[in-house]
Asks: 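To start, I am sharing the structure in question, which I have written as structure tokens.
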Amino acid sequence: MEYRNTSLPLILLTLVTGVALGWFLNDLMRRPPTPLAFESVSPPVMTAPIPAAPTATVTAAPPTPPSTASPIPTVTSPPPTPDLLPTATPPPRIVGYAGHRVAAGETLEQIAERYGSSVALIETYNRLDAPPRVERELVVPLLAPTDAGDALLVQRGGRERPWVALTLDAGAGAEPTPRMLQALRDRGVTITFFLTGRWMRANPDLVRQIVADGHELANHTVNHPNLTTVDDDTIRRELNETEAILQEIAPGATTRPFFRPPYGAYNERVLRVALAEGYLPVYWTLDSLDSVGEPKTPAFLVDRVTQKLSPDDLRGAIILAHCGSDATADALPEILERFAAMGFEVRKLSDVLR
């Protein structure tokens, strides 16, 4: 029996096929890779519709119908003539002054008629707020030349009230004055200061403090001369220059209407010249003696000022002391307290003279 090997062709076919497949794969691996191609797809664009801007609707106003009212005429007033312009009443012109002492039953109207003055002028100039008492000394402003009136010298006020006028003369030193002002300020007391022009020039701040504290000022001349030894023109100049100096230092303040002659030296001529210049001469009821003789102690001044006069004589009394006295500055607080304990009020001269 002939034997045929049938598996050999199959083996050869398999071998050839494997070799061919190896070549193909080898060739495929040697080629560069072909890049992948991607389709570019743009993202969708969102296009929302943009709303149109609002359009303002302008509505034309209807035409205004013609007015049937008559037009308002424009009135142009002619400029006022000089006769129609308001005029301020000029203040009365004072031509001089006279002294007068009020008699029993006499009224201000009668006094004004006698001297050709006015009640308002007399009241204002003399700082009156009530009818003057009998024997009250007045300076009468004159609106027409007339007689010189009385030669006056005030020595005390009325006895109707328990009031005392403490008056301080300033002609020499000033160092104690701030302490005096403080003592008065602490107790709410206001008094009257007779100032010289020379003292004011040297102490302008003190003058302004005196005014600011509400005290009353009066004239004591510029240079503190003995007026009985100088002529009339010098007296007038001493008085008027003192007032002018005060106006420079404290505008609006005044020394009118009170005046005290330096050293208390006077005669009728001095009184009349002072009155003719609008000043009422003022003396005193009691001198404290703080500027004369041996130096005084505060205790001496307290006793003299508060105890020398009887209670009845203290009513309306005018007391003299001085701004330059250290002893007075030391004694003043106790003087004020002693008077208060006695039931007396220390007041301005214009109050006590009512």
Asks: Salt bridge or not for R127 and E216, using N-O below 4.0 Å?
Replies: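 Salt bridge present between R127 and E216.
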
Asks: Using side-chain contact (heavy atoms from CB on, under 4.5 Å), reason through D169 and L320 one step at a time and then give a plain yes or no.
Replies: CA-CA 7 Å; D169 285 8; L320 169 67; 3.4 Å; yes

Asks: Please answer whether the main-chain N or O of G173 pairs with a side-chain N or O of W199 as donor and acceptor at a distance below 3.5 Å.
Replies: yes

Asks: Using a distance-only test with no angle check, is there a side-chain donor-acceptor pair under 3.5 angstrom linking Y283 and R260?
Replies: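 Absent: no donor and acceptor within the cut-off.
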
Asks: Taking the side chain from T177 and the backbone from A174, do they hold a donor-acceptor pair closer than 3.5 Å?
Replies: yes

Asks: Quick one about T254 and E243 (side-chain donor to acceptor, distance below 3.5 Å, no hydrogens or angles considered), yes or no?
Replies: yes

Asks: Sequence neighbours excluded, which residues qualify as side-chain contact (heavy atoms from CB on, under 4.5 Å) partners of N267?
Replies: T228, R269, V270

Asks: Using the rule given for side-chain hydrogen bond (donor to acceptor under 3.5 Å, both in side chains), can you reason through Q182 versus R179, listing the C-alpha separation, both sets of side-chain angles and the distance that settles it, and then say yes or no?
Replies: CA-CA 5 Å; Q182 188 63 53; R179 288 156 47 210; over 6 Å; no

Asks: May I ask you to decide whether D233 forms a salt bridge with R236, counting only side-chain N to carboxylate O separations under 4.0 Å?
Replies: yes

Asks: Just how far is it from atom CZ of F193 to atom CG of L349, taken to the nearest 0.5 Å?
Replies: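 That separation rounds to 13.0 Å.
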
Asks: Please tell me whether Q155 and T285 have a donor and an acceptor in their side chains that are separated by less than 3.5 angstrom.
Replies: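 No - no donor-acceptor pair under 3.5 Å links their side chains.
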
Asks: Pairing donors with acceptors under 3.5 angstrom, does anything connect the side chains of S310 and D312?
Replies: no

Asks: Can you tell me how far the OG1 atom of T190 sits from the NZ atom of K348, to the nearest 0.5 Å?
Replies: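 So the OG1 of T190 and the NZ of K348 are separated by 4.5 Å.
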
Asks: Check E248 with R201, please: is the shortest side-chain N to carboxylate O separation under 4.0 Å?
Replies: yes

Asks: Tell me which one of L280, V102, L153 satisfies side chain to side chain contact (heavy atoms under 4.5 Å, CB included) with E137.
Replies: L280

Asks: Could you tell me whether the side chain of L108 reaches within less than 4.5 Å of the side chain of P132, counting heavy atoms only?
Replies: yes

Asks: Any side-chain to backbone donor/acceptor pair from R133 onto R354? Under 3.5 Å, distance only.
Replies: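 Side chain of R133 to backbone of R354, a donor-acceptor pair under 3.5 Å: yes, one is there.
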
Asks: Looking at every heavy atom in both V222 and T242, which two are closest together, and how far apart are they?
Replies: N-OG1, 3.0 Å

Asks: Measuring from atom CZ of R338 to atom CD of Q307, what distance do you get when rounded to the nearest 0.5 angstrom?
Replies: 5.5 Å

Asks: Looking only at side-chain N and O atoms, does N226 offer a donor or acceptor that is under 3.5 Å from a partner on T229?
Replies: no

Asks: Report the distance from atom CG of L271 to atom CG of L152, rounding to the nearest 0.5 Å.
Replies: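 Those atoms lie 8.0 Å apart.
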
Asks: Compute the centroid of each ring, for Y115 and then for H100, and state whether the two points are separated by less than 6.0 Å.
Replies: yes

Asks: Okay, side chain of D351, backbone of R347: is any donor-acceptor separation there less than 3.5 Å?
Replies: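 Such a contact is absent between D351 side chain and R347 backbone.
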
Asks: Under 4.0 Å between a side-chain nitrogen and a carboxylate oxygen: does that hold for R156 and D313?
Replies: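 No salt bridge links R156 with D313.
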
Asks: Could you check whether R185 pairs with D213 (Lys NZ or Arg NE/NH1/NH2 to Asp/Glu carboxylate O, under 4.0 Å)?
Replies: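 Yes, R185 and D213 are salt-bridged.
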
Asks: So, D287 side chain and L289 main chain: donor-acceptor pair closer than 3.5 Å or not?
Replies: yes

Asks: What's the separation between atom NZ in K308 and atom OG in S288, rounded to the nearest 0.5 Å?
Replies: 13.0 Å

Asks: Could you go step by step and tell me if R136 and L128 meet the side-chain contact (heavy atoms from CB on, under 4.5 Å) rule?
Replies: CA-CA 11 Å; R136 167 71 152 94; L128 299 176; 3.6 Å; yes

Asks: For the atom pair CG (L217) and OG1 (T255), what is the distance rounded to the nearest 0.5 Å?
Replies: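 Rounded to the nearest 0.5 Å, the CG-OG1 separation comes to 8.0 Å.
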
Asks: Are H224 and Y263, when compared by the centres of their aromatic rings, separated by less than 6.0 Å?
Replies: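 Yes: the rings meet the under 6.0 Å criterion.
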
Asks: Could you report the tightest heavy-atom contact between R256 and Y125, atom names first, then the distance?
Replies: NH1-OH, 2.9 Å

